[in-house]
Number of protein chains: 2
Amino acid sequence: MTENAHSTTNALKVSCSNCSLRELCLPVELSREEMTQLDAVIRQSRRLKRGEALFRSGETFKSVFAVRTGFFKTCVGSHDGREQVTGFHMSGELLGLDGIAANAHGCNALALEDSEVCELPFSRMESLGRDIPSLQHHFFRLMSREIVRDQSVMLLLGNMKADERLAAFLLNLSQRFSTRGFAANDFILRMSREEIGSFLGLKLETVSRTLSRFQANGWITVEHKHIQLIQPPALKAMISGCANQPAAH
Amino acid sequence: MTENAHSTTNALKVSCSNCSLRELCLPVELSREEMTQLDAVIRQSRRLKRGEALFRSGETFKSVFAVRTGFFKTCVGSHDGREQVTGFHMSGELLGLDGIAANAHGCNALALEDSEVCELPFSRMESLGRDIPSLQHHFFRLMSREIVRDQSVMLLLGNMKADERLAAFLLNLSQRFSTRGFAANDFILRMSREEIGSFLGLKLETVSRTLSRFQANGWITVEHKHIQLIQPPALKAMISGCANQPAAH
DNA sequence: TAGCTCGTTTGATACACGTCAAACCCTATT
DNA sequence: AATAGGGTTTGACGTGTATCAAACGAGCTA
């Protein structure tokens with residue numbers, strides 16, 4: 001159940017070094033001395049319980065965070081109560097890059113399960129980047145990747161129908177679990193139907209109905225938060241031609 | 001008409017230096033020597049005619065581009081023909097940041113009118129950033145700003161109704177024209193109804209109908225591509241509470 | 001100037017998704 | 001173990017936007 005997403009050998013070696021960062025988000029060739037410098041900058045990891053906020057919109061920006069273990073959502077809110085989930089984030093992904101622009105975080109980041117993150121003080125990462133070109137370059141790449149991801153979410157929200165969105169969402173999760181060494185076709189959703197709906201621009205009832213329809217078609221099984229993909233090709237067929245890559249985080 | 005958006009004194013001094021970049025996208029305090037270094041890196045500006053592509057998705061990434069004059073759209077396409085406009089871009093804005101991630105451009109950039117851009121070879125900007133910390137920091141801020149913009153587009157596409165989207169779109173254009181010293185409430189749309197629709201996740205007929213309704217309400221006037229905002233507060237009221245900032249580029 | 005093409009407007013109709021509502025079933029709390 | 005609360009499913013119905021279609025107008029070409 002939940003176990004299979006945690007006990008399996010993790011291809012990215014989440015738990016080896018100081019903070020696992022070099023393997024996870026910074027797969028860069030570094031000399032021994034450079035590694036030492038990097039380890040000195042990376043702050044001790046921080047634990048969060050389910051529901052806890054890593055940061056909130058408006059807080060002054062000091063650091064970006066790398067997810068070591070667990071699961072996060074980021075969302076932007078409006079003062080009339082509406083909120084839009086802008087992404088779901090798992091191990092090896094970076095949170096808080098949107099805060100650099102205004103020196104203040106631009107979204108809320110909430111743990112969807114007990115989680116652990118590394119804090120990367122941004123100004124120190126910046127100066128370290130000046131000494132280590134490959135590190136600087138990698139940081140630019142990470143920010144660019146976030147922009148690319150956002151573009152594919154726009155495509156999803158702007159062009160796709162409810163069932164296409166759901167299919168893209170499930171396949172994207174599948175692919176990301178797979179990359180991390182977890183089962184690609186058997187996983188637990190960490191978020192509620194409402195949160196999925198918010199991310200996909202749908203209402204929770206539509207999410208629920210669409211999942212039921214996929215199950216009735218024999219493409220997936222749904223037991224509460226436990227999802228199995230039975231016919232991934234059927235899901236892929238829905239979105240073939242819609243996107244360059246299946247959208248999202 | 002079209003003139004008033006071009007003849008007016010431009011607060012950002014588009015045409016003063018080599019490439020106007022220091023004023024436009026890189027408002028950074030630089031020493032005389034640093035300026036010389038920067039000017040050496042910025043390549044001669046390039047002119048494009050209406051309809052011409054600055055770059056296309058898949059091309060190898062070498063440079064980002066700063067718009068000097070003119071108007072661009074960026075869009076991601078799917079192989080079945082659908083396309084999603086991801087943004088509209090005017091003077092002082094940077095294009096191509098999404099290409100860093102994969103060393104290949106991730107979208108198409110097309111000139112919507114005769115335009116002029118500066119080419120910034122990225123690897124040279126990167127190394128220059130190592131010598132000039134404030135330049136490096138500014139580049140990070142620009143990329144972060146793009147992420148923030150994308151988030152507000154997601155909010156628009158995920159949460160807002162057709163008329164709210166149009167109102168946000170018009171107000172965003174208005175604000176950006178105003179920033180550049182052009183009239184805030186009287187401007188020419190450089191893009192078609194279909195392109196607006198693609199950007200906003202609507203069909204062109206819906207865009208047209210909604211504009212007509214705004215005009216019938218006395219909030220705006222529409223003559224083909226010439227738009228006047230008569231009651232900006234009425235438009236603001238539509239989206240108050242929907243977003244932190246009115247979305248888009 | 002005439003004629004064609006393409007973008008735009010407007011109307012009639014269809015449908016996907018949202019809304020409202022009720023019943024169900026986990027999970028958590030005491 | 002009993003109870004309360006919240007997330008989920010499913011149904012009936014309403015509505016906003018898409019779709020299909022036709023007429024119009026502007027700009028371009030010959």
Side-chain angles (χ1 to χ4, degrees), chain A residues 1-2 49-51 73 81-85 110 112-114 156-170 188-217 220-227 238 242, chain B residues 1-2 49-51 73 81-85 110 112-114 156-169 188-217 220-227 238-239 242:
Chain A
M1 288 263 178
T2 302
K49 283 182 298 188
R50 188 152 87 94
K73 72 167 176 180
R82 288 195 256 188
E83 87 169 23
Q84 170 76 24
V85 173
L110 279 85
L112 293 180
E113 61 176 355
D114 294 357
L156 181 146
L157 292 172
N159 269 309
M160 292 166 68
K161 301 247 247 308
D163 44 12
E164 297 171 325
R165 295 182 198 192
L166 245 308
F169 174 72
L170 293 174
I188 305 292
L189 297 176
R190 284 347 196 283
M191 71 295 286
S192 70
R193 301 289 190 265
E194 184 167 21
E195 288 164 332
I196 296 172
S198 172
F199 178 59
L200 298 178
L202 302 169
K203 293 294 159 185
L204 68 101
E205 295 94 329
T206 305
V207 173
S208 178
R209 269 186 252 272
T210 306
L211 288 176
S212 298
R213 190 160 358 102
F214 283 2
Q215 184 170 40
N217 291 346
I220 68 174
T221 65
V222 186
E223 303 169 55
H224 320 296
K225 311 225 147 190
H226 179 198
I227 302 283
M238 299 211 64
C242 294
Chain B
M1 289 265 176
T2 302
K49 284 181 298 188
R50 188 153 86 93
K73 71 168 177 180
R82 288 195 256 189
E83 85 169 24
Q84 169 76 23
V85 172
L110 280 86
L112 293 179
E113 62 178 354
D114 295 356
L156 182 146
L157 292 172
N159 269 311
M160 291 166 70
K161 298 245 242 309
D163 43 14
E164 297 170 324
R165 294 182 200 193
L166 246 308
F169 175 71
I188 305 293
L189 297 176
R190 288 338 201 286
M191 70 296 284
S192 69
R193 302 287 189 266
E194 184 168 20
E195 288 164 333
I196 296 172
S198 172
F199 179 59
L200 298 178
L202 302 169
K203 292 296 158 184
L204 66 102
E205 295 94 328
T206 304
V207 173
S208 178
R209 269 186 251 271
T210 306
L211 288 176
S212 298
R213 191 160 356 103
F214 283 2
Q215 185 170 38
N217 292 346
I220 68 174
T221 64
V222 186
E223 303 168 55
H224 320 295
K225 311 223 146 188
H226 179 199
I227 302 283
M238 299 211 64
I239 62 166
C242 295

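The sequence lines fix the lettering, A, B, ..., with proteins before strands; numbering per chain opens at 1. Both backbone and side-chain heavy atoms feed into the values below; hydrogens, waters and symmetry mates do not.
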Self-check item: A:V85 side chain near A:M191 side chain, heavy-atom distance below 4.5 Å
Solution: no

Quiz prompt | Rounded distance in Å - NE2 (B:H226) to C1' (D:dG27) | solution = 19 Å

Practice problem: Determine yes or no for a side-chain-to-main-chain donor-acceptor pair under 3.5 angstrom, with A:D114 supplying the side chain and A:K49 the backbone. | Solution: no

Quiz item: What's the closest nucleotide to the B:A162 side chain, out of C:dT9, D:dT17, C:dG18?
Solution: D:dT17

Practice problem: For the side chain of B:R209, starting at C-beta, report the closest nucleotide among C:dT19, C:dG11, C:dT8. | Solution: C:dG11

Exercise. Would you kindly compare B:R165 and A:S208 by the position of their nearest DNA chain D nucleotide and give the one closer to the 5′ end?
Key: A:S208

Quiz prompt | Separation of atom CE in A:M160 from atom C1' in D:dT17, rounded to whole Å | solution = 19 Å

Quiz item: Taking the side chain of A:K203 as its heavy atoms from C-beta onward, which of C:dT8, C:dT19, D:dT17 lies nearest to it?
Solution: C:dT19

Practice problem: Please figure out whether B:D163 or B:R50 has its closest DNA chain D nucleotide nearer the 5' end. | Solution: B:D163

Self-check item: Sole residue of B:Q84, B:E83, B:R82 in side chain to side chain donor-acceptor pair (under 3.5 Å) with A:N159
Solution: B:Q84

Quiz item: What nucleic acid atoms does B:G197 come within less than 4.0 Å of, heavy atoms only: base, sugar-phosphate, or nothing?
Solution: nothing

Quiz item: Which of these nucleotides, D:dT19, C:dA21, C:dT8, is closest to any side-chain atom of A:E205?
Solution: C:dA21

Exercise. Check the distance between C:dC6's C1' and B:H224's NE2 and give it to me in whole angstrom.
Key: 14 Å

Quiz item: How long is the line joining CZ of B:R82 and C1' of D:dA18, in whole Å?
Solution: 14 Å

Quiz item: Touch check for A:L204, heavy atoms < 4.0 angstrom, all strands: base, sugar-phosphate only, or nothing?
Solution: base

Quiz item: Should B:T206 be listed as having a side-chain N or O under 4.0 Å from OP1 or OP2 of D:dT17?
Solution: no

Quiz item: Should B:S212 be listed as having a side-chain N or O under 4.0 Å from OP1 or OP2 of C:dT10?
Solution: yes

Quiz prompt | B:L200 CG - D:dG16 C1' separation (whole Å) | solution = 16 Å

Quiz item: Can you check the A:I188 CD1 to C:dC26 P distance for me, whole Å?
Solution: 15 Å

Quiz prompt | Nearest-Å distance for atom pair CD/P, residues B:E223 and C:dT8 | solution = 15 Å

Quiz item: What pairs with B:E195 under salt bridge (charged side-chain N to carboxylate O under 4.0 Å, His left out), at least two apart in sequence or on another chain?
Solution: B:K73

Exercise. Rounded to the nearest angstrom, tell me the gap between atom NZ in A:K225 and atom P in C:dC25.
Key: 18 Å

Practice problem: Could you check if a side-chain atom of B:Q215 sits within less than 4.5 angstrom of a side-chain atom of B:T221, using non-hydrogen atoms only? | Solution: yes

